[in-house]
Amino acid sequence: MSRIPMRSGIDWDEGPYYQSQRLVLYQEAAQKCLANGSAFLCFCPADRYAGGDAAEEGASGGTVRRVVRCSCRDGKPSSQDTKPAIRFKVPLSGRTEFQDAVFGRREFANEEIEDFVLLRSPRGDEAAGLPTYQLGAVVDDIEMRITHVIRGADHLSNTPKQVLLYRALGAEPPLFAHVPLILGPDRTRLSKRHGATSVISYRDEGFLPEALRNFLALLGWSAGGDQEFLRTRELVEKFSLEGVSRTNAVFDRAKLEWFNTQYLQKLPVEELLPEVERELKRSKLWRDEWANGAGREWFAKTVDLLRPRIRLLPDFSTWARAFFSDEFSYDPAAKEKFWKDERLPALLAKLADALEALPEWNHDACDHALRALAEAEAVKAGLLINATRVAIVGQAVAPPLFETMVVLGRERVIGRLRRALSVLTAK
RNA sequence: GGCGCCAUGGUGCAACGGUUAGCACAUCACCCUUUCAAGGUGGAAAUACGGGUUCGAUUCCCGUUGGCGCUGCCA
């Protein structure tokens, strides 16, 4: 779990803490409740409620559950189980209220709250039981002096239990802030069923952490106006609990991808380079000469040329492979679309010769050479441009041709042009 | 079933009593163009329903409907 903030670029101040190392703390807290009368030993079988549910199935088929108060709470054990659990003794009347920064003041009738378990009954040779989430969370938060508890709205209904617990332990409840849930396309709470759901899996898919943060921040929150592209810095500056909405939000992957392309395009290249480097290393295309000096400059220029057409980081390794490796293949659709003309072999051969004879290798020189040839041969420049693109990068979709030629360098371009010839004529 | 929360285009957000109901994604069309993106312009598209309150409701109140959540010796 601690890897999530680490890999998403979110900072934390202390910890991590391990519940297993803090067991006595929870057990002491439970004992304290027992001592001051806010909890009781429950001897009921652990599966009592489950069994009861089955017995209470309504005619409609729906499971009917009730708030049950067992006789243990009055000191009359309902069974002879020698290993009791500790339950909180919820008041039979009255209301429990708390302040929520996004939902406002909330009130719950105590009679609706069940006597929840604090410490589970000991298993096997355990001396004492393990804490439930309710106990663990409250004890930890009191001990760590937590002032704001910000979490999903699915905890709203459980909050009164925790407020009761805070008071029983002699502590003042913190300020709660329940934020709306993120729903899948089917409008149920986002879960593994919906595919990639954790921060890590989106990172692995090739989304930029900052784009993901920006997208997520806007799910259930807005700065008030229409601005959407907010870098993490601005997000931190502008965020406030007051701007949080109470409506659940549906996760829209298309918009996430849009944010990613925005970041891919707008980020200063230097910020993008480490991400691309990481990706190329992953795909084994990385070469150390790109780490600094002239190699770094070439790398930056290439990434800059490529990025308007990138959607996800892995595109650098797949779609843009020809820019980083001489081993690439021709996209079948590209060949189909731009290598149809039978004059091409002859034309490309002449183009290679013309380029080879160029006194200088730059954008305009390549441009002029190609257009001059097109005119001399009475063919449209587009025919040569498109066919050449496929020949040197293997794709129909790619950056503007002459910029591509400059980045690849004369030797590569001519070599690839001639290599394409053999493929064309062999066909 | 009980309790709770929510309700503006397909999606995410604005408008916090008075706007021709705004922006973005997605979608459609056109422009640009060296392919494809990007970008530009334009179009279609929403206040769930019914009652109130008010001179005036997207906005406040009630009900209905719908969605979601909680209802574990899970977290």
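- The side chain of A:Asp226 approaches B:C23 more closely than any other nucleotide in the set B:C6, B:A37, B:C23.
- Here the separation of B:A44 from B:C25, taken at their C1' atoms, is 16 Å to the nearest Å.
- Straight-line distance from the CZ atom of A:Phe251 to the P atom of B:G67: 24 Å, rounded to whole Å.
- The side chain of A:Ser222 lies closest to B:C13 when the candidates are B:U34, B:C13, B:C70.
- Among the atoms of the strands shown, none is found under 4.0 Å from any heavy atom of A:Arg307.
- Contact annotation for A:Phe402: base contact, defined as any heavy-atom pair under 4.0 Å involving a base atom.
- Nucleotide B:C60 is matched to B:G52 when pairs are restricted to Watson-Crick or G-U wobble geometry with both distances under 3.5 angstrom.
- Checking side-chain atoms of A:Asp100 against main-chain N and O of A:His178 turns up a donor-acceptor pair under 3.5 Å.
- Candidate nucleotides B:G12, B:A75, B:C36 were compared by shortest atom distance to the side chain of A:Lys337, and B:C36 ranks first.
- As judged by a 4.0 angstrom heavy-atom cut-off over every strand, A:His178 is placed among residues making no nucleic acid contact.
- Residue A:Arg187 has a polar side-chain atom (N or O) positioned under 4.0 Å from OP1 or OP2 of B:U11.
- Considering only side-chain N and O atoms, A:Arg120 lies under 4.0 angstrom from the phosphate OP1 or OP2 of B:C74.
- For the pair A:Arg87 and A:Phe116, the cation does not sit on the ring face, since its NZ or CZ is not both under 6.0 Å from the ring centre and inside 45° of the axis.
- Comparing B:C74, B:A7, B:G12 by their closest approach to the side chain of A:Thr247 singles out B:A7.
- If A:Arg389 and A:Arg123 are placed on RNA chain B by their nearest nucleotide, the residue sitting closer to the 5' end is A:Arg389.
- Aromatic pair A:Phe215/A:Phe251: ring centres closer than 6.0 Å.
- Although no hydrogens or angles enter the test, the distance criterion places no donor-acceptor pair under 3.5 Å between the side chain of A:Arg309 and the main chain of A:Ala320.
- A donor N or O paired with an acceptor N or O is not found under 3.5 Å between the base of B:G12 and the side-chain atoms of A:Asp252.
- Within the 4.0 angstrom heavy-atom criterion, only backbone atoms of the sugar-phosphate kind lie near A:Phe338; the bases stay farther away.
- The pairing partner recorded for B:A45 is none, the criterion being a Watson-Crick or G-U wobble arrangement whose two distances lie under 3.5 angstrom.
- Counting only distance, with no hydrogens or angles, the side chain of A:Glu234 and the backbone of A:Arg231 share a donor-acceptor pair below 3.5 Å.
- Taking the ring centroids of A:Phe229 and A:Phe259, they lie at or beyond the 6.0 Å cut-off.
- Between B:A21 and B:G43, the distance separating the two P atoms is 15 Å to the nearest Å.
- Rounded to the nearest Å, the gap between the C1' atom of B:G40 and that of B:C55 is 45 Å.
- By the 30° and 60° cut-offs, the orientation of the rings of A:Phe324 relative to A:Phe299 is perpendicular.
- Side-chain atoms of A:Asn214 come within 3.5 Å of backbone atoms of A:Glu228 as a donor-acceptor pair (strictly under, hydrogens ignored).
- Of the candidates B:U34, B:A75, B:C3, B:A75 carries the atom nearest the A:Gln134 side chain, counting heavy atoms from C-beta on.
- Residue A:Glu228 is classed as a base contact, given a heavy-atom separation below 4.0 Å to a base.
- Comparing B:G2, B:C73, B:G4 by their nearest atom to the side chain of A:Glu112 picks out B:G2.
- RNA chain B is contacted by A:Phe103, A:Arg106 of residues 93-106 of chain A, taking any non-hydrogen atom closer than 4.0 Å.
- A:Pro185 comes within contact range of no nucleotide atom at all, as no heavy-atom separation falls under 4.0 Å.
- Going from the P atom of B:A15 to that of B:C73 covers 42 Å, rounded to whole Å.
- For A:Lys161, counting side-chain heavy atoms from C-beta on, the closest listed nucleotide (B:U71, B:G10, B:A24) is B:U71.
- With hydrogens and angles ignored, no donor-acceptor pair closer than 3.5 Å exists between the side chain of A:Lys255 and the base of B:A26.
- Proximity of A:Gln262 to the phosphate of B:G39: a side-chain N or O atom is located under 4.0 Å from OP1 or OP2.
- The main-chain N or O of A:Leu156 is found under 3.5 Å from a side-chain atom of A:Thr159 such that the two form a donor-acceptor pair.
- The distance between atom CG of A:Asp154 and atom C1' of B:G72, rounded to the nearest whole Å, is 15 Å.
- Among the heavy atoms of the strands lying under 4.0 Å from A:Arg309 is at least one base atom, whether or not backbone atoms are also near.
- Looking at heavy-atom distances under 4.0 Å, A:Ala249 makes contact with sugar-phosphate atoms alone, never a base.
- The C1' atoms of B:A75 and B:G69 are separated by 15 Å, rounded to the nearest whole Å.
- When the nearest nucleotides of RNA chain B are assigned to A:Leu401 and A:Thr188 by heavy-atom distance, the more 5′-ward of the two goes with A:Leu401.
- Across all strands, A:Leu181 comes closer than 4.0 Å only to sugar-phosphate atoms, never to a base (heavy-atom distances).
- Which of B:A75, B:C25, B:G12 sits closest to the side chain of A:Val250 comes down to B:G12.
- Of the candidate nucleotides B:C3, B:U34, B:C36, B:C36 has the atom nearest to the side chain of A:Val397.
- Within the nucleic acid shown, A:Ala254 comes within 4.0 Å of sugar-phosphate atoms alone, with no base atom in reach, counting heavy atoms only.
- Counting only distance, with no hydrogens or angles, the side chain of A:Ser38 and the backbone of A:Leu34 share no donor-acceptor pair below 3.5 Å.
- Using a 4.0 Å heavy-atom cutoff across all strands shown, A:Gly136 reaches no nucleic acid atom at all.
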